[in-house]
Amino acid sequence: MKSSELRTAFLKYFESQGHAIVESSSLVPHDDPTLLFTNAGMNQFKDLFLGREKRDYTRAATAQRCVRAGGKHNDLENVGYTARHHTFFEMLGNFSFGDYFKREAITFAWTFLTEVLQLPKERLCVTIYENDDEAFEIWNKEMGVPAEDIIRIGDNKGAPYASDNFWTMGDTGPCGPCSEIFYDHGEHIWGGRPGTPEEDGDRWIEIWNNVFMQYNRHADGTMEPLPKPSVDTGMGLERIAAVVQGVHSNYEIDLFQHILNAASELLGGVATTESSLRVIADHIRSSAFLIADGVIPSNDGRGYTLRRIIRRACRHGHKLGANDAFFYKLVPALIEAMGDAANIIDANKVMAALKKEEEQFARTLDKGMKILEDDIAALQGKVIPGKTVFTLYDTYGFPVDLTADIARERDLTIDEEGYEKCMEEQRERARAASNFGADYSSKGLQLDGETEFTGYFGNVNDSDAIKGLFVGGEAVDAITAGTKAVIVLEKTPFYAESGGQAGDTGILKTVSGEFRVLDTKKESGNHLHTGEVISGSLKVGEEVSAVVDADKRTDTARNHSATHLAHEALRRVLGEHVQQKGSLVNSDRLRFDFSHGEGMTDAEIKAVEQMVNEQIRANTEVGTHVTDMDTAANMGAMMLFGEKYGDSVRVLSMGTEGFSVELCGGTHVERTGDIGQFVIVSEGGIAAGVRRIEAITGQAAQDWLAENDNRLQEVGDLVKGNRDNVIDKVKGLVARNRELEKEIQQLKQKLASAAGSDMASSAVDVNGVKLLSTKLDGVDPKSIRDLVDQLKQKLGSGVVMLATEVDGKITLAAGVTNDLTGKVKAGDLLKMVAEQVGGKGGGRPDFAQGGGTDAAALPAALASVEVWLAERV
């Protein structure tokens, strides 16, 4: 039975048992910052198990695509060394949401395995959680499994519920006891049953896991009973395919064999049993499907894990002799192997992303490997130094687990502690570089409590108290006119720089003095008002009125709200892979960095602009809601993986039908119409896989559009046109300019040809070979190649060395007639001359071209050609 037939048989069986067949969800868990990737079939049903969501079915079955390559469930390091570990796999699962429980789940599993697939019962055994007597009774009394084939597994990991038979999705969330089914691959394979000292062998393999969802585990470890006990099961398609197809290793099943054969062909016939080839076959599955689901290689979060996978595969290809990009070429074979389950809509896009990452890594792979090989050769022990591991990561793009993988092959280990120390030193340097120099707590008074922020409710505090004054990092009691200082208040309407939004500016006033706030930042919960005393004096404890620059605050709010709308518009226009990678919002403009593998087209930029402006014109109210994380998730708030959120979060929603819902602590407009206008003024790349847009709003956008209109009119005046026909006028000028350039080039070629006729007569004889070595004045460098060909024809047999110099840049060209290339190579001649003038070049035996920068050395270099030629003919 083929893997595709197994997948279909599973789904059809459970459909016949009243289960709804649900499509596999994305590998990127939406609105769940606790998960790196979808790692189990139940992920998409999490809210159903928690009772937060209801659907029109209470039992379901899926064939879920999963990736385990980071976080709690990380199989990356084992791939290539075992028969069953994968970064990507398909999990067949059936689920009950308060419908059926243990009895039915066990019955379904046993029936499918022993009746539908007809696996021999004597080759199966089961495990249960140590005190799950209910499950024991069902297996023993109702399914007829002998008591000796039912194995109890307890808390053998030093903590309550830390058992192989107590399943958890993560540190928090749905969990419960489980019952696993194992298959015996035979006595010829070493290993023992679960619970025995030999359980890590490959003889007994888990093929099915029934999880009985009974609890919701909270962060403090408490177990809350779920509203309705439920069932989550999983059976790896690859494992059960190996059993049914009568093979021991997952890599021997049809799904992998097709990819392995394709990889072998690409790499010159490498044996399909090579562990490196198996790594490649596994990694193309996870890499391609992650990219198809919107992940792109990057240096953080999901993108970094994808980069690790791709680069690990590339390194193994390099190990097998690959000299060029090959990995991306496996995508068609993957699609063929997966059949209807491939679900890769745009294969070309996936291949382009893989090829780009592969080529980027290839540029540093050889250099990095040389560094590693040199260090290994000089190694005194068995541990690769942490500094080497860090250098390979920081300079050559080697993820630490890739270096560990190479070390493992050499029977070595890496100094992880030393590596982490180097990483921390780099972080410290980064933090020091970004320190704004107003550390009031390092030298001065330690302040209790935090500044209360009142800026959501207005721009002014009429009465407040000065909590602390700091000059040059030292706490002081008073400051006077002209002093640059930092003021800390008990409460403030000034927004402190965070979340990409710039800090507020404004005025602080007391009865005795006035302070201009030039920036506001936050440290240790306190708002630091940085600026200068412009009159009088201020003291600690004095009452102060705080007034934010209202115009700047309003313009900043416009840009910040527009950033949220732009983020959602980018996702809708470019795809859900778009994720925020950074932002900066101030009163002048907004800057938004996002993940995307290629430059935006003009049409895409216009589509984003149009979508944002539609939301602005709708003039909907901007809503804010302070709530807990779970409620925010239910509201559909966008959450960034890797971000740390507190118990209480602020949800900002704007646009029609919940167009944009994000977590945000910044200041915003009251209605979308307050933004006025949104215009993207630039788009470009700032790093591999990261793009940046800059945009303006409100009056700035109106001014920018008006200025562009004025420029258009100026261009129209210059070409004797107007706004209606300026494009046609400019096109006409460009076409005419091209015609003139062609005419000029033709004239230059004629002049060069005429000059060539004169030069041919000045060739000298060198041991019977004609040589023409000269500098040309007033000749276009683009014409020099044609001139060499003309001179070779006129000489009939000979050697030509020409040079021209324009603005200090030397162009060189050498030519040798075909009858002489056995003795003299144009490339050798050119290299000899180029090296003398500080340049380089190369080419064929009959023609070579290059350049240099040392014009003063050119006469001597050309004169040396005669001596050089005489030594060779």
Just wondering, do [Y] and [X] contact through their side chains at under 4.5 Å, heavy atoms?
{"X": "Asp415", "Y": "Val389", "value": "no"}
{"X": "Gln836", "Y": "Asp854", "value": "no"}
{"X": "Phe390", "Y": "Glu425", "value": "no"}
{"X": "Leu570", "Y": "Ile693", "value": "yes"}
{"X": "Gln713", "Y": "Asn710", "value": "no"}
{"X": "Leu402", "Y": "Leu392", "value": "no"}
{"X": "Leu354", "Y": "Ile284", "value": "yes"}
{"X": "Lys382", "Y": "Asp411", "value": "yes"}

- Query: Could you walk me through whether Asp846 and Arg844 pass the salt bridge (charged side-chain N to carboxylate O under 4.0 Å, His left out) check?
  - Reply: CA-CA 5 Å; Asp846 62 331; Arg844 305 187 308 270; 3.0 Å; yes
Charged N to carboxylate O below 4.0 Å: is that the case for [X] and [Y]?
{"X": "Lys606", "Y": "Glu609", "value": "yes"}
{"X": "Lys840", "Y": "Glu835", "value": "no"}
{"X": "Arg589", "Y": "Glu694", "value": "yes"}
{"X": "Arg736", "Y": "Glu739", "value": "yes"}
{"X": "Glu274", "Y": "Lys319", "value": "no"}

Within 6.0 Å of [atom1] in [X], more than 12 heavy atoms from elsewhere:
{"X": "Ile727", "atom1": "CD1", "answer": "no"}
{"X": "Lys581", "atom1": "NZ", "answer": "yes"}
{"X": "Ile345", "atom1": "CD1", "answer": "no"}

Between [X] and [Y], which heavy-atom pair has the shortest distance, and what is it?
{"X": "Ile810", "Y": "Val837", "answer": "CD1-CB, 4.0 Å"}
{"X": "Val331", "Y": "Ala347", "answer": "CG1-CB, 4.3 Å"}
{"X": "Leu379", "Y": "Pro385", "answer": "CD1-CD, 3.8 Å"}
{"X": "Ala263", "Y": "Leu277", "answer": "CB-CD1, 3.7 Å"}
{"X": "Ala607", "Y": "Val573", "answer": "CB-CG2, 4.0 Å"}
{"X": "Ile309", "Y": "Ala69", "answer": "CD1-CB, 3.9 Å"}

- Query: Any side-chain donor-acceptor pair under 3.5 Å between Asp293 and His577?
  - Reply: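 There is no such pair (donor and acceptor under 3.5 Å, judged by atom type) between the side chains of Asp293 and His577.
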- Message: Checking side-chain polar atoms at under 3.5 Å, does Asp789 have a donor or acceptor matched by the opposite partner on Gln793?
- Response: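 Their side chains do not contain a donor-acceptor pair, so the 3.5 Å distance test is not met.
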Is there a donor-acceptor pair under 3.5 Å between the side chain of [X] and the backbone N or O of [Y]?
{"X": "Asp282", "Y": "Arg285", "result": "no"}
{"X": "Glu358", "Y": "Phe327", "result": "yes"}
{"X": "Ser595", "Y": "Gln579", "result": "yes"}
{"X": "Thr804", "Y": "Thr811", "result": "no"}
{"X": "Glu683", "Y": "Met600", "result": "yes"}
{"X": "Lys825", "Y": "Thr821", "result": "yes"}
{"X": "Ser264", "Y": "Leu260", "result": "no"}
{"X": "Arg311", "Y": "Phe398", "result": "no"}
{"X": "Thr388", "Y": "Ile384", "result": "no"}

- Report the C-alpha separation of Ser797 and Val769 in whole Å, then their side-chain angles, then the decisive distance to 0.1 Å, and conclude whether the side-chain contact (heavy atoms from CB on, under 4.5 Å) test is met. CA-CA 7 Å; Ser797 174; Val769 174; 5.8 Å; no
- Partners meeting salt bridge (charged side-chain N to carboxylate O under 4.0 Å, His left out) with Asp728 (sequence neighbours left out):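 Asp728 satisfies salt bridge (charged side-chain N to carboxylate O under 4.0 Å, His left out) with no other residue.
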- Item | salt bridge (charged side-chain N to carboxylate O under 4.0 Å, His left out) partners of Asp366, counting only residues at least two apart |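 So Asp366 forms no salt bridge (charged side-chain N to carboxylate O under 4.0 Å, His left out) with any residue.
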- Query: Passes side-chain contact (heavy atoms from CB on, under 4.5 Å), Arg872 versus Asn767? Steps please.
  - Reply: CA-CA 9 Å; Arg872 287 162 177 76; Asn767 297 338; over 6 Å; no
- Message: Against the six-membered ring of Phe361, is Arg315 placed for a cation-pi contact (under 6.0 Å from the centre, within 45° of the normal)?
- Response: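 Not flagged: Arg315 not positioned over aromatic ring of Phe361.
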- Going through the checks in order, is the salt bridge (charged side-chain N to carboxylate O under 4.0 Å, His left out) test met by Lys770 and Asp765? CA-CA 5 Å; Lys770 296 176 184 177; Asp765 183 280; over 6 Å; no
Between [atom1] of [X] and [atom2] of [Y], what distance do you get to the nearest 0.5 Å?
{"X": "Leu267", "Y": "Lys329", "atom1": "CG", "atom2": "NZ", "value": "10.0 Å"}
{"X": "Leu787", "Y": "Leu802", "atom1": "CG", "atom2": "CG", "value": "5.5 Å"}
{"X": "Glu336", "Y": "Leu330", "atom1": "CD", "atom2": "CG", "value": "11.0 Å"}
{"X": "Ile605", "Y": "Ile680", "atom1": "CD1", "atom2": "CD1", "value": "6.0 Å"}
{"X": "Leu412", "Y": "Asp375", "atom1": "CG", "atom2": "CG", "value": "11.5 Å"}
{"X": "Ile784", "Y": "Leu812", "atom1": "CD1", "atom2": "CG", "value": "7.0 Å"}

- Test Lys356 against Glu598 for side-chain contact (heavy atoms from CB on, under 4.5 Å), laying out the working first. CA-CA 10 Å; Lys356 182 178 180 181; Glu598 55 192 5; over 6 Å; no
- Message: Angle between ring planes, Phe592 versus Phe594, binned at 30° and 60°: parallel, tilted or perpendicular?
- Response: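 Answer is parallel, since the angle falls under 30°.
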- Give the ring-plane orientation class for Phe289 versus Phe88, where under 30° counts as parallel, over 60° as perpendicular and anything between as tilted.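 Phe289 and Phe88: parallel rings.
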- Message: Please determine whether side-chain contact (heavy atoms from CB on, under 4.5 Å) holds for the pair Val79 and Arg312, giving the CA-CA distance in whole Å, both sets of side-chain angles, and the decisive distance to 0.1 Å.
- Response: CA-CA 10 Å; Val79 174; Arg312 187 171 188 259; 3.9 Å; yes
